[in-house]
Amino acid sequence: MDEETPLLDRGPTPAQSQISNSRLFLAVFSAVLGNFSFGYSLVYPSPVLPQLQSDTTDPQLRMDTEQAAWFGSVFALGAAAGGLGAMLLNDLIGRKLSIMTSAVPSTIGYMLLGGAVNRWMLHVGRFLTGIAGGMTAASIPVYISEISHPAVRGALGSCPQITAVFGALVLYALGLVLPWRWLAVAGEVPAVLMVVLLVLMPCSPRRLLSLGRQQEAETALRWLRGKHYHTHIELSAIQHSINSKGKVTWSELVTPIYYRPIIISVMMRFLQQMTGITPILVYLESIFSKSKVSLNASYDAVIVGAVRLFSVAIAASLMDRAGRKALLYTSSMLMLLSTLTLTIYTHTTPCPSPHNLTDYSSQNAIGLSLDTSHQSTAGLIPLISTMVFIFGYAMGWGPITWLLMAEILPLVARGVASGLCVTVSWLTAFVLTQAFVYLVDRYGLYVPFLCFTVVCAFGLLFAAVCVPETRGRSLEEIENYFRTGRTFTITQ
């Protein structure tokens, strides 16, 4: 029986016909404010580094190339630490409280950034906001998957990515009008609002049932689905899934039901970062300056941010129509074509300066001396290619990687495994963001873009061979797929 065959008879039931999603949407909105803060924090260096490297900046804050590289990459190191923390907190205090806890390092980090009087405060502030980002990345997708029902889980599973992208766009836009200290002050708002709203939201019914708190689980599920929803069927399915699992042991990790979904999730997070998305977003303005884009680099960043948001919204609408794998194929092909174009363009077009990627003062001086030939159509190739890359990433590898991590990881190991995925992802991002600067300094932009092209090609093959189609499947059916090998059918 193949993956596309309907395997459970899901005819309309009274319970399903009376679902109300309004409170579910409110709970999801409250949680994904953490992802908004994550997206905002991630790209914070893009408009800030030019200001911190300006000659007019306080010498105690002014950054050279190495310091700027650390300022750009230390966020990923913090995110890896946050992922490790989430491995413990997700199962210790639950998904909801883990998300709320992330507001503490986020708020302290932005306070340090906004009130910085020396460089160490800037680096520590970035590291703390990275910790918050790693915690939310590991906790929010799992929380959303556990409170959602199959009819909307695909679209809602895209919300973390959508709000992270929107947060990045807001940062790019505010960077046009606000100095860097006020950008830090503005970054505190979504984290505080998230905590206020989440206090009013329920814990995951699945989490409550796993703790034996059945009455609370029923109350939470009824709150999420509406007062006319019959909770018995869904609670029974969740309880059956919990009852069929015990504490996972190291010996059990070698069985397919555990190691296959964990390996798939870890590999997808690894490949997601190896496509180059983090260094491209973090150094977006300087990449445009170095590749001689004919428009102002700051406005280019806003344009790319808007395209990214538009493409993620499209992906959300298609998630449960086209399916996860179809979107991954489309995403991989678009990213492959765009990185190949950027490789060819940057290899045949000399960079405007032999100086470092983060040497903005040199780039700005050179930008002023560009002749009119740089205003030609060819000068738009890097911008258009980057827009296609971001469009492709946001259509598939961005949101689907987050969604699949929440869908396919087994319940008994979901908290720890999601933290592991985030840790691997951000350790990869840290190394890549550091290496990107030095590769560009030594070889030019074409070498990292060539590496990204190879990764995109491999990602296409990986999606085709290893990733199952989870569209329209319940979490219990997905677990059964890995338990049995090739069927989603659940036999009681």
Side-chain angles (χ1 to χ4, degrees), residues 40-79 105-106 108-131 133 168 171-188 278-291 296-302 351-369 429-430 432-442 445:
Y40 187 98
S41 303
L42 173 63
V43 300
Y44 184 77
S46 184
V48 171
L49 275 175
Q51 300 178 52
L52 293 178
Q53 292 195 302
S54 170
D55 292 335
T56 60
T57 301
D58 183 345
Q60 295 295 318
L61 297 171
R62 191 181 305 133
M63 294 185 178
D64 58 24
T65 300
E66 183 178 356
Q67 293 161 346
W70 273 101
F71 186 74
S73 62
V74 74
F75 176 92
L77 198 60
S106 178
I108 296 174
Y110 276 121
M111 290 174 64
L112 287 173
L113 288 169
V117 295
N118 49 43
R119 283 184 291 271
W120 78 261
M121 293 179 70
L122 293 173
H123 291 310
V124 172
R126 281 285 289 163
F127 180 77
L128 288 174
T129 56
I131 289 177
L171 186 281
Y172 289 140
L174 290 178
L176 296 174
V177 296
L178 291 181
W180 62 272
R181 291 188 188 274
W182 282 103
L183 288 176
V185 173
E188 298 180 19
T278 299
I280 287 174
L281 292 176
V282 169
Y283 301 121
L284 190 57
E285 290 190 21
S286 56
I287 289 173
F288 284 143
S289 296
K290 208 166 179 61
S291 56
N296 182 282
S298 298
Y299 290 99
D300 290 337
V302 176
C351 291
S353 170
H355 295 291
N356 292 324
L357 177 69
T358 50
D359 191 353
Y360 292 94
S361 59
S362 299
Q363 292 167 359
N364 289 339
I366 292 168
L368 294 174
S369 66
F430 170 71
L432 195 62
T433 308
Q434 277 278 339
F436 184 84
V437 175
Y438 298 106
L439 284 174
V440 172
D441 288 344
R442 186 174 180 86
L445 284 169

Whether Q67 side chain and D64 backbone form a donor-acceptor pair below 3.5 Å: yes
Non-neighbouring partners of Q434 that pass side chain to side chain donor-acceptor pair (under 3.5 Å), sequence neighbours left out: S73
Value rounded to 0.5 Å, distance of CG in L61 from CZ in R119: 7.5 Å
Spacing of L128 atom CG and F75 atom CZ [to the nearest 0.5 Å]: 11.0 Å
Minimum heavy-atom distance between I287 and I280, given as atom pair plus value: CD1-CA, 3.8 Å
Residues forming a side-chain contact (heavy atoms from CB on, under 4.5 Å) with A76, sequence neighbours excluded: W426, A429, F430
Close side-chain approach of L281 and S46, heavy atoms under 4.5 Å: no
Counterpart residues, side-chain contact (heavy atoms from CB on, under 4.5 Å), relative to P279 (two or more places apart): Y283, L432, T433, F436, F452
Y40 side-chain N/O to E188 backbone N/O, donor-acceptor pair under 3.5 Å: no
Shortest non-hydrogen separation from G175 to L183 and the atoms involved: N-CD2, 3.9 Å
Heavy-atom closest contact (A68 atom, L49 atom, distance): CB-CD2, 3.7 Å
Sidechain-backbone polar pair: Y44 side chain, W180 backbone, donor-acceptor under 3.5 Å: yes
From L178 atom CG to Q51 atom CD, the distance as rounded to the nearest 0.5 Å: 9.5 Å
Candidate pair V43 and L284, rule side-chain contact (heavy atoms from CB on, under 4.5 Å), full reasoning: CA-CA 9 Å; V43 300; L284 190 57; over 6 Å; no
Contacts of L176 that satisfy side-chain contact (heavy atoms from CB on, under 4.5 Å) - sequence neighbours left out: S298, Y299, V302
Smallest separation among heavy atoms of L113 and A184, with atom names: CB-CB, 3.8 Å
Non-neighbouring partners of A173 that pass side-chain contact (heavy atoms from CB on, under 4.5 Å), sequence neighbours left out: none
Less than 3.5 Å apart, which donor and acceptor atoms pair up between the side chains of residues 120-127 and the rest of the protein, not counting sequence neighbours?
unit_1 : atom_1 : unit_2 : atom_2 : d
W120   : NE1    : N118   : OD1    : 2.8
R126   : NE     : F71    : O      : 3.0
R126   : NH1    : S41    : O      : 2.5
R126   : NH2    : G72    : O      : 3.3

